[in-house]
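Indexing begins at 1, ligand by ligand and atom by atom, following the structure's order. Computed from a prediction, not measured in an experiment: that's the story for all the values here.
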Amino acid sequence: MPRDLFIYNTLTREKEKFQPLVPGHVGLYVCGPTVYGDPHLGHARPGVVYDLFVRLLKDLGYKVRYVRNITDVGHLENDSDSGEDKINRKARLEELEPMEVVQYYTIRYHQAMAALNTLPPSIEPRASGHITEQIAMIQQILDAGMAYEINGSVYFDVKKYNLEHCYGILSRRVLEDLQTNTRDLEGQEDKRFPFDFALWKKAAPEHIMHWPSPWSEGFPGWHLECSVMSSKYLGQVFDIHGGGMDLMFPHHECELAQNTVTRGKNSVRYWMHNNLITINGQKMGKSLGNFITLEELFSGKHPLLTQPFHPMTVRFFILQAHYRGPLDFSDDALAAAGKGLKRLLLGQSVLNKIPVSESATISETLQQIEDNIYQALCDDLNTPVALASLFDLVTWIHTTADANKTIALQDRKLIERIYDRVVNGILGLKQESEGDQLPLIRGLIDMILEFRKQARQSKNWKESDRIRDQLSGLGVRIKDTKTGTDWEI
Ligand code: ZN
């Protein structure tokens, strides 16, 4: 039986015990990127947060179907129903076919997510690959009387929907208030009501991406793809829908309305939203000069940065904050995160140097630490508390080593399990510099030291010293002790 997991449901504004629809299985849908520019700091947080969540679910024994879409059509510049399609615009400016833009930035996004050690989703559907299904859903909404066609475009009838249901249930906005706070927007003249949103837009002559439909040659509205692809891959009702807080309104609110009309019920059982990253206290924006791409962050090539930051430092920095809390990025904060990560990972090397004793007594403190870590993670992914417990563990390791004490085999195994399952597994943290090569390097050094041991046993001191000096020249310092040979890079 997995541990109880509690997650904060944005819909109810309460922390709820997670109960999947099908025992042992979890269906998770997360809104992915619109691929028209380099992945930036804003992409890193949801990437890491939902990766952490998937890793935790898997560790708890769930089978997870993780769907994260790629938006490659229909996302207009102002996130509403006017302006140019973001990908269309980029393709026009760069004189590229829109799918070249999509392909290029999808690869860049995947590379950045891999650098952050996030696991790929189980399914990564694209909006442009689901036009037929989107047209079918529009027809369903029209048939239900909740949409209207005008000049080749189709809009969702928010006012009518609001008579039977509640538009604003997720974002806790009240339609009447929205109305009074809105000025008339340009390009909305076709709509009956400013908050009606596009399900289908008739393409202007200069619009490159368009498909035939019963209403016009055009393209689907942005909110539609997630309703279509979540139901296609996860079913009419599914467990969890995630995304950034900036997507809650209008994107998720509209998605929820579409789902309600076409499925007759609210199809998402738990809505999760991660908070956003600010930079030196400000919202990130190109006009503010504080827009940082992940490549700039990893290479240090940005006026706000004094040094390059390893992706693992960025990952650790994100995990230091609770996913629903604010996270302010600064050069200093990242540098501090780098030190914290180093200290956490160093604990494992120090552990390896503590001699193992025959003792069969198991430390209650260590068991408590392991329990505290899981309890924090299962309490709505409370990573700051889990990390605090991990640093208690690091302190325990150092205290034991400094006092020249021994460690019981069971305790050592328990700590190794925490590093393996929690630090590397759930938190997805690994050594920075050596990266994926670390196990190989460790194995090779141990092998070379075995040759040196044989040389020493046959009293071939010249050979033994030669190996030691050469390793030292490569930055591997070795120290002979009574029990064997220790080494560090
Ligand atoms: Zn979405």
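- Of all protein N/O/S atoms, those lying under 2.8 Å from the Zn ion (ligand 1) come to 3.
- No side-chain donor from either of Glu255 and Asn259 sits under 3.5 Å from a side-chain acceptor of the other.
- Ring centroids of Phe195 and Tyr167 are separated by 6.0 Å or more, keeping the two rings apart.
- In terms of the side chain to side chain contact (heavy atoms under 4.5 Å, CB included) criterion, residue partners of Arg55 (sequence neighbours excluded) are, by chain and number, Asp51, Asn117, Leu119, Arg315.
- Other residues, nucleotides and ligands place more than 12 heavy atoms under 6.0 Å from the CD atom of Gln307.
- Using a cut-off of 4.0 Å between Lys/Arg side-chain N and Asp/Glu carboxylate O, Glu296 and Lys301 are scored as not salt-bridged.
- Taking a cutoff of 4.0 Å between a charged side-chain nitrogen and a carboxylate oxygen, Glu253 and Arg173 do not qualify as a salt bridge.
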